[in-house]
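Okay, so here's the structure we're looking at.
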Amino acid sequence: MDEGSSLMAEAITPRSQDFSQWYTDVVQRAGLADYTPVRGCMVIKPYGYALWENIQKALDQRFKATGHENAYFPLFIPHSFIEKEAGHVEGFSPQLAIVTHGGGEKLDEPLVVRPTSEAIIGHLYSKWIKSYRDLPVLINQWCNVVRWEMRTRLFLRTMEFLWQEGHTAHATYEEAEEEARRMLSIYADFAEKEAAIPVIQGRKSESEKFPGAFMTYTIEAMMGDRKALQSATSHNLGQNFAKAFDIQYLDQSNQLQHCWTTSWGLSTRVVGAIVMAHGDDQGLILPPRLAPIQVVIVPIHKNEDEKAQVMAVVEQIKVLLGEAIRFRVDDREGYTAGWKFNEWELRGVPLRIEIGPKDVAKEQVVLARRDVPGKEGKRFIPQAELAREVPKLLEMIQQELFERAQKFREEHTHEPKSYEEFKSAVEDGFALAFWCGDAACEKAIQEETKATNRCVPLDQSNAKSSSGKCIRCGKPANEKAIFARAY
RNA sequence: CGGAGAGUAGCGCAGAGGCUAGCGCGCUUGGUUUGGGACCAAGAGGUCGCCGGUUCAAAUCCGGCCUCUCCGACCA
């Protein structure tokens with residue numbers, strides 16, 4: 001076949017050549033999502049949805065383990081509710097989708113399609129909470145939300161997206177703060193253990209925080225193009241929403257008190273994070289713990305005789321892998337083995353088992369690691385060892401993906417000593433630098449470098465020793481912040 | 001929402017006023033194949049993004065709209 005034509009028709013844009021295009025290609029070609037006729041709204045295809053379901057499982061389990069329950073609140077919110085909290089309405093009004101008609105008639109009061117549910121949930125909490133004995137309330141919901149967006153990208157920013165939003169109410173500031181921090185650490189744990197993405201836990205600046213929040217916490221991750229992606233957030237809402245929605249309780253001394261509330265969310269955006277944190281020129285690389293298919297078995301045979309032999313061994317392998325491993329046998333006819341290899345690599349399956357006549361004869365299989373391309377990632381192992389080796393190898397891949405991402409982030413995180421160094425640092429990745437806390441300084445940095453303040457890391461062990469001067473204005477500073485170009 | 005580009009078969013593209021709109025890949029059927037994107041043969045598949053206008057004649061020219069991509073401003 002002459003070069004090119006058939007190969008080129010299959011190829012995705014190389015990551016190094018055009019990261020954005022690579023991302024868009026991979027998401028579609030791997031079967032995660034597709035466009036729809038509605039601007040900014042995507043369809044999450046079965047493979048992408050299976051990935052999301054695994055994300056849900058991993059998170060939901062953590063939420064339940066920390067005492068939270070799931071519930072469901074309505075999609076429509078009376079417009080007036082959104083307006084009750086000043087910061088909230090200001091922040092969200094440009095992004096609202098508003099229903100003005102229903103049943104063929106103009107509505108007396110327009111309904112907002114929820115951009116988030118603080119307002120409606122606040123209203124209900126005020127009904128449900130009367131006494132300190134009712135607290136804390138720890139509820140989560142899995143749902144869709146709508147935010148009108150100017151510029152959209154698959155998973156990263158769509159007008160409608162799926163997420164979970166936790167909403168809790170507490171008796172004291174300290175409890176709410178503890179809750180917000182606990183959920184942040186749960187997100188961090190999820191990101192690192194399940195998605196194999198190292199994250200920085202931090203506090204958002206005044207200008208970056210959630211509309212209506214007292215304090216916003218974030219986990220920030222570095223993508224393969226060295227840009228930052230906020231992967232989840234957790235808010236200590238103080239008493240802002242409690243006051244706006246009259247969420248009050250009688251304390252033990254019969255005094256009426258406002259609650260302290262929190263909210264926290266993680267969206268389908270993390271699917272994009274997984275794509276961009278781990279993928280390569282061949283396509284997706286999924287972390288084994290979240291991969292819809294952890295192991296793909298590719299039988300190889302030339303004739304019916306061989307097929308019978310190979311498939312008999314495949315049956316044995318299926319038993320060896322057992323219930324715990326998510327595997328698929330790719331026994332499709334009419335595709336060559338090589339074609340299948342490429343296909344499953346594009347789709348990011350962490351581990352491949354190749355089994356052909358030669359392996360049957362030697363009672364072995366070929367194990368190929370997705371994260372280690374080519375021959376280097378292949379090894380022969382005796383069939384008898386599969387039950388032991390496969391889980392071990394999946395665990396190893398999980399760990400090494402994390403370590404690779406962490407090393408990458410470290411290599412592209414700098415601690416500039418001057419503003420000049422700072423400028424080149426944010427060209428390369430993250431800059432960790434003293435910042436005076438002034439919003440004007442933050443804004444100037446953004447205008448001058450295109451880098452935004454991602455967060456003030458909770459872990460300031462880096463900052464303790466040095467005396468602090470703001471990287472831009474030189475005024476005294478007692479904290480370091482992460483600056484980076486961001487999604 | 002501003003700037004730039006794109007939309008012709010499932011995908012990638014050619015056609016730039018004139019006969020029945022092509023090519024590659026993919027798809028279907030049959031056969032040979034399968035250890036890194038196989039091959040042969042025969043087929044199927046199109047209101048040229050949508051609406052309107054100009055013209056004897058529009059995929060092609062003009063206007064409006066829709067969607068996508070990239071770059072900005074805003075955001076999970």
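As the structure is a prediction and not an experimental result, all values here were calculated from the model. Naming convention: chains lettered A, B, ... in sequence-line order (proteins, then strands); numbering from 1 in each chain.
- In this structure, A:Glu343 reaches the bases: a heavy-atom distance under 4.0 Å links it to at least one base atom across the strands shown.
- Within 4.0 Å of A:Glu354, counting heavy atoms only, lies at least one base atom of the nucleic acid.
- With hydrogens and angles ignored, a donor-acceptor pair closer than 3.5 Å exists between the side chain of A:Ser267 and the base of B:A76.
- Between the side chain of A:Arg157 and the base of B:C75 there is at least one donor-acceptor pair of N/O atoms closer than 3.5 Å.
- B:G5 and B:C68 make up a base pair, with Watson-Crick or G-U wobble contacts both under 3.5 Å.
- The shortest distance between the side-chain N/O atoms of A:Arg151 and the OP1/OP2 oxygens of B:C71 is below 4.0 Å.
- Using a 4.0 Å cut-off, some side-chain N or O of A:Arg485 falls inside it from OP1 or OP2 of B:G72.
- The heavy-atom pair separating A:Tyr125 from A:Ala169 by the smallest distance is CD2-CB, 4.0 Å.
- The separation of B:A14 from B:G24, taken at their C1' atoms, amounts to 11 Å, rounded to a whole angstrom.
- One finds a side-chain N or O of A:Tyr35 lying less than 4.0 angstrom from the OP1 or OP2 phosphate oxygen of B:U69.
- Between A:Asp18 atom CG and B:C71 atom P there is a gap of 8 Å when expressed in whole angstrom units.
- Nearest-nucleotide positions on RNA chain B for A:Glu333 and A:Trp163 put A:Glu333 closer to the 5' end.
- No contact: A:Pro94 has no heavy atom under 4.0 Å from any strand.
- Residue A:Lys340 is classed as having no contact, given no heavy-atom separation below 4.0 Å to the nucleic acid.
- Nucleic acid contact class of A:Gly40 (heavy atoms, under 4.0 Å, all strands): sugar-phosphate only.
- Among the protein residues, A:Val366 comes within range of the nucleic acid bases, having at least one heavy atom under 4.0 Å from a base atom.
- A:Glu149 comes within 4.0 angstrom of a base, heavy atoms only.
- Side-chain N/O atoms of A:Arg153 include one lying less than 4.0 angstrom from OP1 or OP2 on B:C70.
- Heavy atoms of A:Arg352 sit under 4.0 angstrom from at least one base atom.
- Across all strands shown, A:Lys204 has no heavy atoms under 4.0 Å from either base or sugar-phosphate atoms.
- Although no hydrogens or angles enter the test, the distance criterion places a donor-acceptor pair under 3.5 Å between the side chain of A:Arg269 and the main chain of A:Leu156.
- Among B:A76, B:C68, B:G36, the nucleotide with an atom closest to any side-chain atom of A:Phe341 is B:G36.
- Of all the heavy atoms in A:Met183 and A:Ser234, the pair that sits closest is CB-OG, 4.1 Å.
- No hydrogens or angles were tested; on distance alone, nothing pairs the side chain of A:Lys375 with the base of B:G36 as donor and acceptor under 3.5 Å.
- Contacts of A:Asn303 with the nucleic acid, taken as non-hydrogen atoms under 4.0 Å apart, are absent.
- With hydrogens and angles left out, the side-chain atoms of A:Glu363 and A:Gln383 include no donor and acceptor closer than 3.5 Å.
- Using modelled atom types, no side-chain atom of A:Arg203 and backbone atom of A:Val456 make a donor-acceptor pair closer than 3.5 Å.
- Residue contacts for A:Leu156: at a heavy-atom cut-off of 4.0 Å it reaches a base atom on one of the strands shown.
- Taking only side-chain atoms of A:Asn342, from C-beta outward, the nucleotide of B:G35, B:G36, B:U69 with the closest atom is B:G36.
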